[in-house]
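Quick notes on the structure that follows.
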Amino acid sequence: MDTSRTGTTGTAPTGTAPAGTSPHDAGGGRDAETEVPVLVVGGGPAGLVAAITLARHGVGCLVVERRRAPSALPRATLASLRTMELVRRWGLEDAVRAGADDVGWRLWTCETLAEAGSGAGAPVGVPDPGQCAVLSPTTPACVPQDHLESVLEDHLRGLPSAGVVSGAEVVAFRDGPGGAVATLRDTQRGTVRRVRARYVVAADGAHSTVRAACDIPMRGSDHLLEAVTAVFRAPLWDVAGPHRYGIYWITHPEATGNLLPAGHGDRWVYGLRVDPGSEGGADSAPERFAHLIRLACGVPNLEPRIDRISSFSFAAMIADTFRAGRTFLVGDAAHRITPRGGTGMNTAIADGFDLGWKLAWVLSGWAHPGLLDSYETDRRPIVEHNLARSADPSGSIREPIEELHADLGGRIAHAWSDAARRVSTLDLVGPGLTLFTATASTAWRDAAASVGGPVPIRATRLEPFAARAIGVRGRGAVLVRADGAPVGCWISEADAHGVLRTAVEAATGGGARGLAEARIA
């Protein structure tokens, strides 16, 4: 394997608050003002991933989160294959898996957990370990969202280009031609500060203050289903025995509902679904839920420790647009996806990554601002697919082959380029453009060195098997973006300089010709 890189650049961090500060620590007087390249409103998975992606490119960003302390609720419990590829890229896979449960990804139907041995499974759109061995260098994880968020936030706080402010809410927001201004209020002290930013990432959830300020409507279906859930602790893995799965559908006539492992070895979520308008879920007394949990688990003497009982509505909604001027919506601020299929958190993470690297390219001077138009173009079809699936009453049940395209997002294939060192083709994708070749010829390397300009182009020679796996033929090459999506594919090195230049212009939003013209058959 032969790898070389043409120059790398990045913007210096500008105007970020020191990691871990609060508004008053970072100049939180009433007239204080901070200026940053990117303001990220919301510290959930979408906001954290957007900020990590920016900061790892050296672009200054500030994350503001209304909560003063991290959430202790598990919420989502599936980190998809693509999500795990991203945390692997950042060196966080071991830390994420430290909070995961070892399960098989099937919807397991049984009368009680104790009777799981007589149950039956159905696919949930997640590849099994054998399929993953072909598809990826990693596998999905059964990891609760609160653990994943803690790993992401710890990593973000260690990046010098990023600042994190906890306990601050946006009380006023204005986006104009020269940038955006957000007024923040400390939720405890009441002090006020302003943050001025060139771009804003609205990751502030389903009831987004920023989206409302931008007057962007959400359309779709709300209150599709009402649910009441209990987060509890109990030693249930011995009850399940060898039948360890990511989701159980309990059919006991008096306790029908979902049972999900939620990390820490003994934390679980038990959920009852209630039709809209029904009063069946109104009784949320801990005693009632303890009784239902005993029935669902098939353990009469079980003493579950209930941490929290809450209710929520299923909604399948999407914003009319994901952008207003210099403000972009990600995650629940852009779309509300029901828990069916387990795609909500992973869709949000993919939003944050896609927008993050595109903003980084623009702010680093690697790409034309027109590249940012591709955020919604790339993401909306996938969001609409996941939204429709989540609105389907049977949306939890899908064969993996039906859903992988939505999760993997068109990235190049995985193949081991260096099996001994466990180096995947995905590991070789750089922060800029990556040019894969299969020969020792210098034509493509020379073209990359002369065409790169502001955007770095990493020229990488693959072993023949790995090269063919991603589409490199003969003396040709494949050019991919920071997300691993191919933007150019050639079977000859003839006019390598010219065709590569055309592809780079198209990939960076700076050329009038489409990608079809950049691909030489």
Side-chain angles (χ1 to χ4, degrees), residues 71-78 101 103 106-116 119-122 124 142 144-146 206 221-237 239-240 243 245-263 266-316 336-345 389-397:
S71 171
L73 297 177
R75 290 171 291 177
T77 55
L78 166 62
D101 287 309
V103 303
R106 306 281 286 174
L107 172 60
W108 198 255
T109 300
C110 48
E111 183 164 343
T112 69
L113 186 63
E115 298 170 281
V124 292
C142 181
Q145 183 175 324
D146 58 337
S221 301
D222 201 352
H223 300 289
L224 288 169
L225 196 71
E226 307 299 322
V228 182
T229 62
V231 178
F232 70 97
R233 299 192 183 249
L236 294 182
W237 284 122
V239 178
H243 308 286
Y245 297 102
I247 179 170
Y248 298 89
W249 175 243
I250 303 299
T251 62
H252 189 289
E254 298 178 49
T256 302
N258 286 310
L259 191 61
L260 296 85
D266 66 347
R267 188 169 66 165
W268 294 75
V269 175
Y270 172 65
L272 297 172
R273 299 183 180 184
V274 183
D275 290 332
S278 169
E279 297 181 358
D283 183 3
S284 298
E287 296 80 8
R288 172 180 180 249
F289 266 85
H291 173 66
L292 293 172
I293 290 166
R294 282 191 283 269
L295 292 177
C297 295
V299 183
N301 62 349
L302 186 70
E303 293 295 338
R305 192 185 85 199
I306 296 177
D307 293 340
R308 177 164 176 169
I309 297 171
S310 57
S311 60
F312 67 95
S313 296
F314 283 33
R336 296 178 65 188
I337 295 175
T338 82
R340 296 186 187 116
T343 63
M345 180 183 73
R389 178 188 177 188
S390 82
D392 182 350
S394 61
S396 292
I397 301 176

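Counting from 1, the numbers follow the sequence of the chain as shown. Hydrogens, waters and symmetry mates are skipped; everything else that's a heavy atom, side chains included, is used.
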Under-4.0 Å salt bridge between [X] and [Y]:
| X | Y | value |
| --- | --- | --- |
| R340 | D392 | no |
| D101 | R267 | no |
| D266 | R305 | no |

*Is T338 reaching over with its side chain to a backbone N or O of S390, donor-acceptor style, under 3.5 angstrom?*
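Checked: pair present.
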
*Verify, without hydrogens or angle tests, whether W108 (side chain) and A116 (backbone) share a donor-acceptor contact under 3.5 angstrom.*
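Checked: pair present.
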
Heavy-atom closest contact ([X] atom, [Y] atom, distance):
| X | Y | answer |
| --- | --- | --- |
| W237 | P261 | CZ2-CB, 3.4 Å |
| L302 | A234 | CD1-CB, 4.0 Å |
| G341 | S396 | N-OG, 3.5 Å |
| V239 | C297 | CG1-O, 3.8 Å |
| G121 | R106 | O-NH2, 3.3 Å |

*Quick one: do S313 and H223 satisfy side chain to side chain donor-acceptor pair (under 3.5 Å)? Show the steps, please.*
CA-CA 5 Å; S313 296; H223 300 289; 3.1 Å; yes

Is the closest side-chain heavy-atom distance between [X] and [Y] below 4.5 Å?
| X | Y | result |
| --- | --- | --- |
| L78 | M345 | no |
| L295 | T112 | no |
| F232 | I293 | yes |
| F289 | I309 | yes |
| V124 | I397 | no |
| H252 | L292 | no |
| T251 | C110 | no |
| R389 | T343 | yes |

*Fit a plane to each ring of Y245 and H243, take the angle between them on a 0 to 90° scale, and name the class: parallel (under 30°), tilted (30 to 60°) or perpendicular (over 60°).*
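If you compare the ring of Y245 with that of H243, the planes turn out parallel.
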
*side chain to side chain contact (heavy atoms under 4.5 Å, CB included) assessment of Y270 paired with T229*: CA-CA 6 Å; Y270 172 65; T229 62; over 6 Å; no

Separation between [atom1] of [X] and [atom2] of [Y], rounded to the nearest 0.5 Å:
| X | Y | atom1 | atom2 | value |
| --- | --- | --- | --- | --- |
| I250 | L259 | CD1 | CG | 5.5 Å |
| R288 | I306 | CZ | CD1 | 11.0 Å |
| F314 | L225 | CZ | CG | 5.0 Å |
| R294 | N301 | CZ | CG | 9.0 Å |
| T77 | L260 | OG1 | CG | 5.0 Å |

*Given side chain to side chain contact (heavy atoms under 4.5 Å, CB included), test R273 with N258 step by step and report yes or no.*
CA-CA 8 Å; R273 299 183 180 184; N258 286 310; 2.8 Å; yes

*Could I get the full list of side-chain hydrogen bond (donor to acceptor under 3.5 Å, both in side chains) partners for Q145, not counting sequence neighbours?*
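side-chain hydrogen bond (donor to acceptor under 3.5 Å, both in side chains) check on Q145 returns E149.
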
*side chain to side chain contact (heavy atoms under 4.5 Å, CB included) assessment of L73 paired with D146*: CA-CA 6 Å; L73 297 177; D146 58 337; 6.0 Å; no

